[in-house]
Amino acid sequence: RLTVRVLLLSSALVLCACSSAPDAPTASEATSALSHELQLSWTATTAPDGAPVRVDASGRHIALARRDALDAAAGGKRSLRFTDAPGLTAAHNPLLQYKVRLTRGVASASFDARPGAGSIIWHEWRDAANPYHAGPSVRIEANGDVTANNKKLTSVPQGQWSHIAVSCGLGNQSSGTWDLEVTPAGGPAQSFKSLPNRAKDFKRLQWLGFVSMATNQTVFHIDNIRVK
């Protein structure tokens, strides 16, 4: 099964721009595959098979992908598949976001990513201010480059699973910086220390997102999400 582990007392997971495609999960599949120490919120319209899903006008989506010949899961039998396309209602769709409440200590998030050809994967932390303050922010670009603050740090292969780990001090332990560890498929872990937060006032983790930023037909997978 897909592992989504969030070690928090109060959390909510919201899926945006999902689809009523035939392989969209049923309510029972979504609960069994995605809930682990976390209450899943998968609501909005109803698919033909009765599954509650979020739908974008274009029909592009986030769905549970079963293991297949392309090894669509980093572990277990399923991963999250993001399908992007031209003409979506917003450039930042599809979007997966966690609404959390971490205000002190050192927070960490890790996940496995399988970029597809031309996909752009954006992972970012934010607070709940208006306008918000962003902290750690990392992208896997269309060519596989891993970037932060518009600077290339390393690269990961497309069509293979790589591991991303982010950590950042919050509250009184905030230093205005964060650390990143990237383990490319088949390669050693690479550490990047003291990367500057996008905003100097970022001190609380209240939003954590996975965003598909491509504007053409692309697919990527995310698996084994852990936040603590």
Side-chain angles (χ1 to χ4, degrees), residues 2-16 34 36-39 74 80 82 92 95-115 120-141 144-156 161-184 187-213 220-228:
L2 170 70
T3 300
V4 178
R5 183 172 297 124
V6 179
L7 306 178
L8 304 171
L9 294 178
S10 176
S11 303
L13 171 64
V14 180
L15 290 180
C16 299
L34 287 172
H36 190 110
E37 300 178 23
L38 174 69
Q39 181 62 45
L80 282 175
F82 289 64
H92 58 255
L95 161 68
L96 169 67
Q97 59 182 335
Y98 292 93
K99 292 184 178 179
V100 299
R101 297 177 184 175
L102 289 177
T103 61
R104 62 186 180 183
V106 177
S108 64
S110 63
F111 58 95
D112 295 322
R114 183 178 181 272
I120 302 175
I121 307 172
W122 180 24
H123 173 64
E124 184 165 272
W125 297 15
R126 301 174 184 172
D127 65 17
N130 187 15
Y132 65 80
H133 304 111
S137 185
V138 59
R139 289 169 54 122
I140 302 177
E141 305 291 352
D145 287 351
V146 178
T147 65
N149 299 313
N150 298 315
K151 179 182 178 181
K152 177 182 176 180
L153 302 176
T154 185
S155 61
V156 296
W161 287 102
S162 296
H163 187 70
I164 308 293
V166 174
S167 62
C168 182
L170 305 173
N172 292 335
Q173 288 187 245
S174 172
S175 63
T177 65
W178 58 286
D179 295 337
L180 172 68
E181 184 176 272
V182 179
T183 307
Q190 303 173 35
S191 296
F192 305 91
K193 302 292 187 180
S194 300
L195 300 169
N197 288 334
R198 286 192 62 197
K200 61 181 179 61
D201 293 327
F202 173 80
K203 296 183 183 297
R204 298 183 175 204
L205 175 55
Q206 295 169 295
W207 183 99
L208 181 150
F210 296 87
V211 187
S212 178
M213 290 299 294
F220 67 82
H221 294 78
I222 297 290
D223 202 352
N224 298 322
I225 301 169
R226 293 180 174 86
V227 182
K228 63 181 180 178

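When reading the values below, keep in mind they use all heavy atoms of this one structure, side chains included, and skip hydrogens, waters and symmetry mates.
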Partner set under salt bridge (Lys or Arg N to Asp or Glu O under 4.0 Å) for Glu124, not counting sequence neighbours:
Arg126, Arg198
What distance do Asp201 atom CG and Tyr132 atom OH have between them, rounded to the nearest 0.5 Å?
14.5 Å
Expected output: side-chain Trp178 to main-chain Gly169 donor-acceptor under 3.5 Å
no
CZ/Phe111 to CG/Leu208 distance, rounded to the nearest 0.5 angstrom?
8.5 Å
Is the closest side-chain heavy-atom distance between Leu96 and Ile225 below 4.5 Å?
yes
Restricting to side chain to side chain contact (heavy atoms under 4.5 Å, CB included), what partner residues turn up for Gln190, sequence neighbours left out?
Thr154, Pro184, Phe192
Quick one: pull up SG in Cys168 and CG in Leu180 and give me the separation to the nearest 0.5 Å.
12.0 Å
Please list, chain by chain and in numerical order, all residues satisfying salt bridge (Lys or Arg N to Asp or Glu O under 4.0 Å) with Lys152, sequence neighbours excluded.
Asp145
By the salt bridge (charged side-chain N to carboxylate O under 4.0 Å, His left out) test, which pairs, at least two apart or in different chains, include something from residues 130-141?
Arg139-Glu141
Any side-chain heavy atom of Val211 within less than 4.5 Å of one from Leu95?
yes
How about Phe210 and Phe82: are their ring centroids closer than 6.0 Å?
no
Supply the atom-to-atom distance Leu205 CG to Leu102 CG, rounded to the nearest 0.5 angstrom.
5.0 Å
Over all atoms of both residues, closest heavy-atom pair of Pro196 and Asn149:
O-ND2, 3.2 Å
Do Val138 and Leu153 have side-chain heavy atoms sitting under 4.5 Å apart?
no
With sequence neighbours left out, the residues meeting ring pair (Phe, Tyr, Trp, His ring centres under 6.0 Å) with Phe202 are none
Could you tell me whether the side chain of Ile164 reaches within less than 4.5 Å of the side chain of His123, counting heavy atoms only?
no
Evaluate the criterion side-chain contact (heavy atoms from CB on, under 4.5 Å) for residue pair Ile222 and Ile121; output intermediate values, then yes/no.
CA-CA 9 Å; Ile222 297 290; Ile121 307 172; 4.3 Å; yes
Please report the interatomic distance CD1(Ile140) to CE(Met213), rounded to the nearest 0.5 Å.
14.5 Å
For Asp127, side-chain hydrogen bond (donor to acceptor under 3.5 Å, both in side chains) partners two or more places apart
His133
Could you state the interatomic distance from CZ (Phe220) to CZ (Arg114), rounded to the nearest 0.5 Å?
12.5 Å
Mind checking side-chain hydrogen bond (donor to acceptor under 3.5 Å, both in side chains) for Gln206 and listing every partner two or more places apart, or none if nothing turns up?
none
Ser174: side chain to side chain contact (heavy atoms under 4.5 Å, CB included) partners, not counting sequence neighbours:
Lys203
Who are the side chain to side chain contact (heavy atoms under 4.5 Å, CB included) partners of Asp179, not counting sequence neighbours?
Ser167, Lys193
Just to verify, what does Ser212 make a side-chain hydrogen bond (donor to acceptor under 3.5 Å, both in side chains) with, not counting sequence neighbours?
Asp84
Can you list the residues that meet the side-chain hydrogen bond (donor to acceptor under 3.5 Å, both in side chains) rule with Thr177, with sequence neighbours excluded?
Ser175
For Leu170 and Ala107, work out which heavy atoms get closest and say how close.
CD1-CB, 3.7 Å
